[in-house]
2 protein chains.
Amino acid sequence: MASIKDVAKKAGVSISTVSYVISGKRKVSEKTRENVLYVMDELGYRSHAVAKALASKRTNIIALVLSPHKRPIGITEMDFISAASERAIARGYHLTLWTVGNDSLKDLQELTAQGLFDGIILMEINDIDARVKWLDKANIPFEIVGRCQDIEKYYYTDIDFQTTILDALNYLKNLGHDNIAFINQSKEVLENGYGPVVKVHKYFNELCNEMNIHGEEFFANASPSSGYEIMEHIINDLKDVSAVMVMNDSTIPGIFRAAYKEMIKIPQDISLMSLVTSSRFAEMMVPAVTEMAVPSKNIMYDAVNSLIDRLEGEEQTRHGSLWPCELNIRKSTAEKRKK
Amino acid sequence: MASIKDVAKKAGVSISTVSYVISGKRKVSEKTRENVLYVMDELGYRSHAVAKALASKRTNIIALVLSPHKRPIGITEMDFISAASERAIARGYHLTLWTVGNDSLKDLQELTAQGLFDGIILMEINDIDARVKWLDKANIPFEIVGRCQDIEKYYYTDIDFQTTILDALNYLKNLGHDNIAFINQSKEVLENGYGPVVKVHKYFNELCNEMNIHGEEFFANASPSSGYEIMEHIINDLKDVSAVMVMNDSTIPGIFRAAYKEMIKIPQDISLMSLVTSSRFAEMMVPAVTEMAVPSKNIMYDAVNSLIDRLEGEEQTRHGSLWPCELNIRKSTAEKRKK
DNA sequence: CTGAAAGCGCTTACAG
DNA sequence: CTGAAAGCGCTTACAG
């Protein structure tokens, strides 16, 4: 519990000198410096984060905002969180988790008013997002993980959905699949303008056209039963479909159940591929699911670094970066079977 | 950005009066009180968390310590984290995630020295845990999620493993299973004294004896392939085993794979039951797995409440509480088949 | 019932 | 190269 005052007294120098030894913001003679350092070590001095924050107007804490009620925290979200926490700590910051309720704008205002956070990382972005506008106007440093309207005005990191869908379709097409069903998230989420769903919806349809693939899109709730229903429909009514793509992890167990019930083998009869998933999830399925895996580490490293760089006043050349998902070929996809 | 000073000036009272209106720690005449409240609202005053923390020596931040490198964060951990964050926010606190590296004691010392945290929640406890002793000696309020040596000296919340195993064995026995294989975590983890593994190891063997069940315990790494190997062995070499119990989520996909390969049906030929799992995980399996689900909300609510109660100087009657896992019967268990 | 003032442990302009 | 001092925005004993 030694304070800077104790160190100063014992070292026979002023408080400011100790402070400058620590921060390096002013030249200190080598002799005093060494002496101060020695005393600091002897007393086991650690700077008091709160006092430092009050004086310097910097807390070294950043907040990650999540709304678990709107979008439950799954493995993918968890990967984001731990990557962010790791990166923040590595750069000398703390990461706090701020789980907001329904009125997320109001919660965000509460959060920032306390002056506890140097910066904010916003996830689960809608195309028109009141929080983004407010943070911008309030002049609070923030980083978007996702994209929204006028994204070029802000700092962001996101998945490159276009490349992701292109890579996925290419992979399936090379296996001979040219009639593909795609299970997206719910229509409601699409209409709310949730970025990933909007983008994937757009690119899937565009790229199928360009690539001469017959693509049919379905919207499912985040539940196994919803996946079950749609898969039943695909198996029974759409006999030409030979591959199913999903961007809705929760439906996957239902898809397997329907296939099992209808005696359809994955991948022999129908190939299954998951988009924007966590590897840890895809590996848990039996058979393990071929996926386009979210590069969560890359994304969060970028986001946290960009935010902290700005907080520390570094030059910013970058405004945003996009990371495609990575193809992990596992056991749920195979060549289209000859009829 | 209105400060307490602005409010005081505009309301025509002293700073201390404003402060006392906010805290309620001193009687203020109804008239002044209302006036101050009115001005506060008008100026949109919010107390500055950092200044408040420095003056009051209370930051209202608690830290949750995790070591993701030792024990990757799965769905169960995630449930703990979000329950804790939710509870903390509901009580006016922030929850920060502190992910420590290999030398977790040193990291913990760093963490606490900064004076940023009012209290600490420690998870992933070993039977002999240097961090517990150190926190105790340093007189830092902390709560243990788990148990260790001399646990009655500390505050803790944990799973009631004895009841959990008892309930699980009873359930299986009532289905006619009296020859049960149990897949625990690795021998290494057991020898390191990791609480859940030590306890389940003990109770499984004790209770099987008492209940006249033939129980055989296996130790597996946290990987599908490890589950695959053991399940192959069970199927081929232990023909009398009719039920498998697991406390090692990561092995489960491997167990299913081995069953599938050996043409063993779950649950018709062998029942499968998972212990200390998250429902979200168990429901993802096909078939959905019968489990003893971790009551993560209850546990974290208890832990966070107990810690905050102590921080706020409330009387503590409770020292520790134990929560049994809850039986969720799903599709992976059935009556023992007649030979 | 209320105010003036010290103090929390730092940072940083000001002065020498 | 270094020190004395103001100030960050609060809380709380002290005084009346």
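To find a chain, count down the sequence lines: A is the first, B the second, and so on, and within it residues start at 1.
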Spacing between B:Gln114 atom CD and C:dC10 atom C1', to the nearest angstrom: 14 Å
Paired and unpaired positions of DNA chain D as dot-bracket, Watson-Crick or G-U wobble under 3.5 Å, | denoting a partner strand: |||.||||||||.|||
Whether A:Asn305 side chain and A:Asp302 backbone form a donor-acceptor pair below 3.5 Å: no
Nucleotide D:dG9, atom C1' - distance to CG of A:Leu116 in whole Å: 13 Å
A:Asp118 side-chain N/O to A:Asn60 backbone N/O, donor-acceptor pair under 3.5 Å: yes
Which residue lies more 5' along DNA chain C, comparing B:Ala51 with A:Ser16 via nearest heavy atoms: B:Ala51
Out of D:dG9, C:dC10, D:dC1, whichever nucleotide has its closest atom nearest the side chain of A:Thr32: D:dC1
Touch class at under 4.0 angstrom, heavy-atom based, for A:Lys27 against every strand present: base
Phosphate-side-chain proximity, B:Ser19 and D:dT11, N/O vs OP1/OP2 below 4.0 Å: yes
Interatomic distance where NE2 belongs to B:His48 and C1' belongs to C:dG9 [whole Å]: 14 Å
Euclidean distance, atom CG of residue A:Leu54 to atom C1' of D:dG9 [Å, nearest integer]: 6 Å
Polar pair under 3.5 Å, donor/acceptor by atom type, side chain A:Arg26, base D:dT2: yes
Integer-rounded Å distance: C:dA13 P and A:Lys57 NZ: 13 Å
d(NZ, B:Lys31; C1', C:dT2) in whole Å: 14 Å
Sugar-phosphate, base or nothing in reach of B:Val50, heavy atoms under 4.0 Å: nothing
Nearest-Å distance for atom pair CD1/P, residues A:Ile4 and C:dC10: 5 Å
Donor-acceptor contact present, side-chain A:Thr59 to main-chain A:Leu116, <3.5 Å: yes
Side-chain donor/acceptor of B:Asn192 to backbone N/O of B:Tyr194, under 3.5 Å: no
D:dT12 OP1/OP2 closer than 4.0 Å to side-chain N/O of B:Ser23: no
Which nucleotide in D:dC10, C:dT12, C:dT11 has an atom nearest any side-chain atom of A:Lys25: C:dT12
Parallel, tilted or perpendicular: ring planes of A:His319 versus A:Tyr155, cut at 30 and 60 degrees: parallel
Heavy-atom pair of closest approach, residues A:Trp134 and A:Leu108: CZ3-O, 4.3 Å
Residue-phosphate contact under 4.0 Å: B:Tyr45 side-chain N/O, D:dC10 OP1/OP2: yes
Distance below 4.0 Å between A:Ser56 side-chain N/O and C:dC10 OP1 or OP2: no
Sugar-phosphate, base or nothing in reach of A:Val13, heavy atoms under 4.0 Å: sugar-phosphate
Nearest-angstrom distance from the residue atom OH of B:Tyr20 to C1' of C:dA4: 12 Å
Under 3.5 Å donor-acceptor, B:Asp79 side chain and B:Thr76 backbone: no
Heavy-atom closest contact (A:Phe117 atom, A:Ala63 atom, distance): CD2-CB, 3.7 Å
Shortest side-chain distance from A:Ser3, nucleotide among C:dC1, C:dC10, D:dC1: C:dC10
